[in-house]
Amino acid sequence: MVEIVNVVASGALNVELDLERLADDIGEPVARHDPDKYPGMYLRFEEDAPLITVYRTGKFIITGADSEDESYSLRERFLNLFSDMDVIEEPEDEWFAVQNYVCTGELDQNLNLNALAIGLGLEKTEYEPEQFPGLIYRPEGAEGVVLLFATGKVVITGCRSVESVEEIFASLTETVSEVL
DNA sequence: TGAGCGGCTCCTTATATATCAGCTTCGG
DNA sequence: CCGAAGCTGATATATAAGGAGCCGCTCA
């Protein structure tokens with residue numbers, strides 16, 4: 001089974017924003033804005049809640065959600081806030097989509113990463129333990145990238161859908177049991 | 001020769017994973 | 001006072017975003 005640990009989604013409002021003024025109106029700690037450090041304005045409704053990064057152009061990113069649903073409800077809350085503040089006319093955006101799922105998985109066995117690099121195919125893997133302890137696996141024809149660790153723990157990232165993640169994990173489980 | 005522009009890299013954020021170096025802190 | 005233990009930040013992965021800075025190229 002795979003568990004979603006992070007969802008990155010982005011969208012766009014059809015307006016140019018005055019981040020300086022918005023940050024002042026919303027106030028800390030919900031809004032944080034330091035244009036010398038980064039051009040985006042950060043919005044976080046509660047402590048440990050996902051982060052919304054808003055740009056001058058009206059585009060925005062939501063990071064740190066644990067599910068697609070959480071991303072969408074965060075987006076709704078964000079649109080309602082801007083609508084209530086009369087920043088936008090209706091609580092609507094031009095578009096909104098999940099861009100990246102970060103998931104963890106468990107293969108329930110210790111892995112010999114050197115052997116696995118050969119088994120999975122050297123052209124699809126990168127393993128330099130002195131640089132990073134995980135093996136990087138890029139399954140052919142798949143959206144995502146997999147990080148495999150000697151403990152059997154796995155990280156799958158780069159997919160735009162949960163289906164893609166599960167597809168990768170299923171074929172990974174199969175391939176690993178075949179080559180080891 | 002220099003201005004301008006396009007393309008590229010880096011910065012920042014979230015998040016799991018593991019391993020290293022370097023630093024602080026604590027106990028005997 | 002020193003070793004051990006704990007903590008921090010780096011390493012790598014993906015992805016969106018805007019801005020800064022850099023490099024190379026073209027044209028006047």
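Every chain is numbered from 1, with letters handed out A, B, ... down the list of sequences. Just the heavy atoms: all of them, side chains too, but no hydrogens, waters or symmetry mates, feed the values below.
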How many whole angstroms separate atom CG of Asp66(A) from atom P of dA16(B)? 9 Å

Whole-Å distance, Met41(A) CE to dG19(C) P, equals 14 Å

Does Phe45(A) have any ring pair (Phe, Tyr, Trp, His ring centres under 6.0 Å) partners at least two apart in sequence or in another chain, and if so, which? none

Rounded off to whole Å, could you give me the CG-to-P distance for the Leu135(A) and dT19(B) pair? 13 Å

So that I can tick it off, tell me whether Glu46(A) and Arg77(A) are bridged by a salt bridge, with the cut-off set at under 4.0 angstrom between side-chain N and carboxylate O. yes

Contact class for Tyr101(A) (heavy atom, under 4.0 Å): base, sugar-phosphate, or nothing? nothing

Can you list the residues that meet the salt bridge (Lys or Arg N to Asp or Glu O under 4.0 Å) rule with Asp24(A), with sequence neighbours excluded? none

Hey, does the side chain of Lys37(A) come within less than 4.0 Å of dT13(B)'s phosphate (OP1/OP2), counting only N and O? yes

Glu128(A) CD to dT19(B) P, in whole Å, measures 16 Å

For nucleotides 5-18 of chain C, read 5' to 3', which letter fits each nucleotide if B means a protein heavy atom sits under 4.0 Å from the base, S means only the sugar-phosphate is that close, and - means neither? ------BBBBBBBB

Got a sec, which hydrophobics cluster with Phe132(A), joining ILVMFWY side chains under 4.5 Å apart, including via others? Val5(A), Val102(A), Ile136(A), Val145(A), Leu147(A), Phe149(A), Val155(A)

Five pairs at each end of the helix from dT1(B)-dA28(C) to dG28(B)-dC1(C): take the axis at both ends and give me the angle between them to 10°. 60°

Tell me the side-chain hydrogen bond (donor to acceptor under 3.5 Å, both in side chains) pairs involving residues 166-180 of chain A, sequence neighbours left out? none

How many whole angstroms separate atom CG of Leu43(A) from atom P of dA14(B)? 14 Å

Please state how far atom CZ in Arg32(A) lies from atom C1' in dT12(B), giving the value in whole angstrom units. 11 Å

